[in-house]
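The structure appears below as structure tokens.
These figures come from a predicted structure and were not determined experimentally. Lettering follows sequence order; numbering is per chain, from 1.
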Amino acid sequence: MAGAAPQGASAGSDIYRGNGPRLLLPVWLWVGIFLVAPVLIMAVYSVLTKEFRGGVIWDFTLAAYDQFFLDRGLFGDEPPRIEWTYIGIFWRSIWQAGLATVLCLLIGFPTAWFIATRPARVRSVWLFLITIPYWVNLLIRTVSMKFLIRDTGPLNEFLLWAGIIDTPLALVNTNFAVQLGLFYSYLPFMVLPIYAAVERYDFSLSEAAADLYADSWTTLRLIILPVVKPGIVAGCILVFVPSLGAFLAPELLGGAKTFMIGSLIEEQFKGAAGNWPFGAAASMILLSIVMAVLLLHARAQTKGDRT
Amino acid sequence: MLDVAQAVEIDSVVKRYGTVTALHGVSMAIAEGEFFTLLGPSGCGKTTLLRCIAGFEQVSGGAIRLHGEDIAPLPPHKRMVNTVFQNYALFPHMTVLDNVTFGLLRRGWGTRDAEARGREVLRLVQLSEFAQRRPGQLSGGQQQRVALARALAPRPKVLLLDEPLSALDLKLRQAVRSELKSIQRETGIAFVFVTHDQEEALTMSDRIAVMSAGHVQQVGPPREIYEAPQTRFVADFIGETNLIDVTVTQVSGAVARLQLPGGAAMDCPAAPGARPGPGHLSVRPERLSLCAAGQGDLAAVMQDHVYLGTDTQLLMRLADGARLVVRQQAGSGTVPDPGAALGLRIEAGAARLLAD
Ligand SMILES: Nc1ncnc2c1ncn2[C@@H]1O[C@H](COP(=O)(O)OP(=O)(O)OP(=O)(O)O)[C@@H](O)[C@H]1O
Ligand SMILES: [Mg+2]
């Protein structure tokens, strides 16, 4: 970030530049094996022909992408129209992931702020408390969530007992439940980077702003948010990207109406009904969306740095 | 208020942090357009006092008035004072110009006017070419001047400066010192300047308040602080001095009669509060001169000397074992041999009886 480090050696200093290729070898190996190779395999599978019992036939075709975007009728002989089913699922997923990101930000920022402004001794305790639930497997936590909010679960029982409602709220299999699941799953990914940014924030900047006649709201808007922005952006990416491809929350807490990308892809690789090339194509499209988001962010970042 | 010419009045201000008391009833008045310096060792409460004036700390007792108005209920952003912070606190994500216009825009200036005023102030601190840079791309001295420009731009009634020169090297510090002084004269804004560098305080200030451990020791113009210190702390902290144990026999007004260690009696000016009994006399080393043994006011034995270029420091011992330092200008006499018995003469009017 421009101007964040006032003086002295930064990551961009000359002394950190030399020796690159040799020292970076492990990184390239890691990236090659765990990132480039799987994506290549997926890209290849997405242009193969499907085999009916699952698996693929080595015949190159764009049929999977065609099926994703175009509707050629039941027997494939009608003039192509746009196929809205899958675009709709993607759109709903983007919307759900975006909403989860916004919710995580609204709750995560004040939480991170609260923790970062505690005395140093107490901070680690708070951070530990935030991460405790994440020692338990996500699957178990998501199932527990379903148990909590189902018709005869503790939440409804309590509301009934307290007389706030007289018929149980149907929460499971709704967008609300999926949203709750996403929010709960990814909140720490928002809190932690923002915490790191706020912890480094120099509070004398806030005093300087107040000294120059800015009230607290203006200080938040013009000084604090821009300075901790890298943390906020990192948090948003860390919540948005996995939410977009999330599988457990929509699968366990949602229903047919809340079908998301993750489930769509998963189905393609499950049993004899699957369609591997189609699943691979959907994955590639998802990957493109994510890459576009990251590129946009990178572009904005470098532009901000240059001015 | 009767006295309207006071820019800031600090009235018995007490500041406690939990069990620590940082200010023990500090009082002083800073006049309109004055260059006022808070001088004292580290931890004596200088920053705390500035922060109380700026509003970042609530006083635990006493009052602070700005042009006669009690500012206790005002939050920092409603106080017409600006601060140059000890660490500058420049906004890292904004250009130099945006930093400088920040206060103006908050006070409701139009963008065009603010920018014009911003450039004017940048010209004043000689940073016009740097308007579009980020603070991270400036040297320490340039950052310091941006901080100054940013605080000057809204034309505050009072400017608070917390050791703004401490991060600069000696050469730059001397250059910025005179620059700062001329800016202060040009703008006519009252400066409250914090430093623990006595030379800085003596050369720049109209008046100095010497502080120690949360107390004000003495307030006065530099010459008075240097030549007429009132307490042992001030005499010792400002410049170099000899503190001689004496017996005060009589105090009448500003003059005291006392007995020197050798038994000789003398009359000398006394600080307010001096009382008969054991006391301390302050004599600057350059105001003692050598004479033959048995003559002068004090009898001393030569111990050692330190050559300092422009002058030589002679280290002496009195009969009762107390050490004394005499400064001899280069070429103004021979250095006595160690062990030589000598007389010391105190220049007329140069000694001063302290209050404690
Ligand atoms: N937030 C705080 N909590 C507790 N004690 C504090 C706090 N701020 C300052 N103090 C104490 O108050 C006293 C005065 O501190 P202050 O920062 O005003 O000193 P200073 O004169 O500015 O020193 P320096 O020249 O080192 O900057 C010190 O003893 C310090 O430890
Ligand atoms: Mg200080």
Item to check | Any residue of residues 197-217 of chain A which, by heavy atoms, sits under 4.5 Å from chain B | outcome: A:Asp202, A:Ser204, A:Leu205, A:Glu207, A:Ala208, A:Ala209, A:Ala210, A:Asp211, A:Leu212, A:Tyr213, A:Ala214, A:Asp215
Item to check | Toward chain B: residues of residues 285-295 of chain A with heavy atoms under 4.5 Å | outcome: none
Checklist outcome for this item: The side chain to side chain contact (heavy atoms under 4.5 Å, CB included) partners of B:Ala31 (sequence neighbours excluded) come to B:Gln6, B:Glu34
Item to check | Interatomic distance, B:Leu105 atom CG to A:Thr218 atom OG1 [nearest 0.5 angstrom] | outcome: 11.0 Å
Within a radius of less than 6.0 Å around [atom1] of [X], do more than 12 heavy atoms belonging to other residues, nucleotides or ligands occur?
| X | atom1 | value |
| --- | --- | --- |
| A:Phe176 | CZ | no |
| A:Lys229 | NZ | no |
| B:Phe191 | CZ | yes |

Side chain, backbone, both or neither: which part of [X] has a heavy atom under 4.5 Å from chain A?
| X | result |
| --- | --- |
| B:Arg133 | neither |
| B:Leu104 | neither |
| B:Met80 | both |

Next on the checklist: So does A:Val228 get a backbone contact from the side chain of B:His93, meaning a donor-acceptor N/O pair under 3.5 Å?
Outcome noted: no
Checklist entry - Where do A:Thr219 and B:Arg106 land on the side chain to side chain contact (heavy atoms under 4.5 Å, CB included) test, with the steps shown first? => result CA-CA 10 Å; A:Thr219 305; B:Arg106 303 287 84 67; over 6 Å; no
Next on the checklist: Less than 4.5 Å apart, side chain to side chain, heavy atoms only: is that true for B:Phe91 and A:Val227?
Outcome noted: no
Checklist entry - Considering heavy atoms only, which positions within residues 107-126 of chain B lie below 4.5 Å of chain A? => result B:Arg107
